[in-house]
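The structure's right below; bear with me while I get my questions together.
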Amino acid sequence: MNYWLIKSEPDAFSWQEQIQNNIEPWTGIRNHQAKKNLQSMKNGDLTFFYHSNVGKEIVGIVRIVKEAYPDPTDPDQKWSCVDVQTVCSVPTPVTLKQIKAIPELQEVSLIKQSRLSVMPITPEHWKLLCNLGGITQADIKK
DNA sequence: GCCAACGTTGGC
DNA sequence: GCCAACGTTGGC
């Protein structure tokens with residue numbers, strides 16, 4: 001089981017839309033490192049859903065339900081996408097400001113590589129972030 | 001293969 | 001709106 005974080009600008013695709021759609025193809029990734037991360041995702045992996053630009057906070061958790069396949073929005077089919085399914089909302093969204101204030105979280109890619117839109121999260125960081133957000137084991141087990 | 005110019009992302 | 005941090009493009 002691996003953990004990840006994906007970013008979305010709420011103006012383009014928000015958490016509310018993710019909840020409504022339930023299962024959503026995560027398309028449009030056009031960065032090699034992000035693509036590599038997409039291709040490392042396995043069915044069942046859990047992923048934080050982060051609102052960039054507006055909000056700047058972790059607002060939800062989704063699960064990988066379809067592993068990497070060619071992005072249908074790419075005419076050349078050389079980029080990849082995955083399908084994600086809504087798992088739960090984060091009761092108290094974890095803001096970037098909070099994350100930056102916690103010494104243990106200075107190594108997360110969200111801070112170190114601010115432009116990367118798909119990134120791995122270590123199990124330790126995952127637990128810490130879940131605690132901050134008020135997520136319990138029961139919330140992510142279904 | 002180097003590097004300047006330009007474009008994009010995302011925080012502030 | 002500005003700017004830092006990247007990524008990409010194209011001339012040489």
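Chain identifiers are assigned alphabetically (A, B, ...) following the order of the sequence lines, protein sequences preceding nucleic acid strands; residue numbering begins at 1 within each chain. Everything quoted here is computed from the prediction, not taken from an experiment.
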Query raised in the report: Checking A:Ser109 side chain against A:Lys112 main chain: does a donor-acceptor pair fall under 3.5 Å?
Result: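 Between the backbone of A:Lys112 and the side chain of A:Ser109 there is no qualifying donor-acceptor contact (under 3.5 Å).
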Query raised in the report: Under 3.5 Å, side chain of A:Asp45 to main-chain N/O of A:Asn2, donor-acceptor pair present?
Result: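 Yes: the side chain of A:Asp45 pairs with the backbone of A:Asn2.
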Query raised in the report: Which residues within residues 46-54 of chain A lie with some heavy atom under 4.0 Å of an atom in DNA chain B?
Result: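 Here the set is A:Tyr50, A:Ser52, A:Asn53.
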Give every pair of a protein N or O atom and an N or O atom of nucleotides 7-9 of chain C that lie under 3.5 Å apart, one pair per line with the distance.
none

Query raised in the report: Over how many whole Å does the gap from A:Leu110 atom CG to B:dG11 atom P extend?
Result: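 Going from A:Leu110 (CG) to B:dG11 (P), I get 7 Å.
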Query raised in the report: For A:Ser89, which residues count as a side-chain hydrogen bond (donor to acceptor under 3.5 Å, both in side chains) partner, sequence neighbours excluded?
Result: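 By the side-chain hydrogen bond (donor to acceptor under 3.5 Å, both in side chains) rule, A:Ser89 matches A:Trp15.
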Query - Check: A:Trp26 ring centroid to A:Phe49 ring centroid under 6.0 Å - result: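 Yes, they do, as the ring centres are separated by less than 6.0 Å.
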Requested in this report: Calculate the interatomic distance between A:Ile111 atom CD1 and C:dA5 atom P; express it in whole Å.
Outcome: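 Result: 15 Å.
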Requested in this report: Kindly say whether A:Asp74 contributes a backbone atom to a donor-acceptor pair with the side chain of A:Gln77 at under 3.5 angstrom?
Outcome: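 The answer is yes, because a donor-acceptor pair under 3.5 Å joins these two groups.
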Report task. Using atom types as modelled and distance alone, determine if a side-chain donor or acceptor of A:Asp71 lies under 3.5 Å from a backbone N or O of A:Gly28. Result ->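 Such a contact is found between A:Asp71 side chain and A:Gly28 backbone.
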Query raised in the report: When we call it a touch if two heavy atoms are under 4.0 Å apart, what does A:Lys100 touch: a base, just sugar-phosphate, or nothing?
Result: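 Result for A:Lys100 = sugar-phosphate.
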Query raised in the report: Under 3.5 Å, side chain of A:Asn21 to main-chain N/O of A:Glu24, donor-acceptor pair present?
Result: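 Side chain of A:Asn21 to backbone of A:Glu24: no pair is present.
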Report task. Could you tell me the separation between the NZ atom of A:Lys112 and the P atom of B:dG11, rounded to a whole number of Å? Result ->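 So the two atoms are 17 Å apart, to the nearest Å.
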Report task. Using whole Å, report how far CD1 of A:Ile99 lies from P of B:dG10. Result ->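 Distance, rounded to whole Å: 14 Å.
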Query raised in the report: Does the A:Thr95 side chain pair with the main chain of A:Lys56, one donor and one acceptor, at a distance under 3.5 Å?
Result: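 Between the backbone of A:Lys56 and the side chain of A:Thr95 there is no qualifying donor-acceptor contact (under 3.5 Å).
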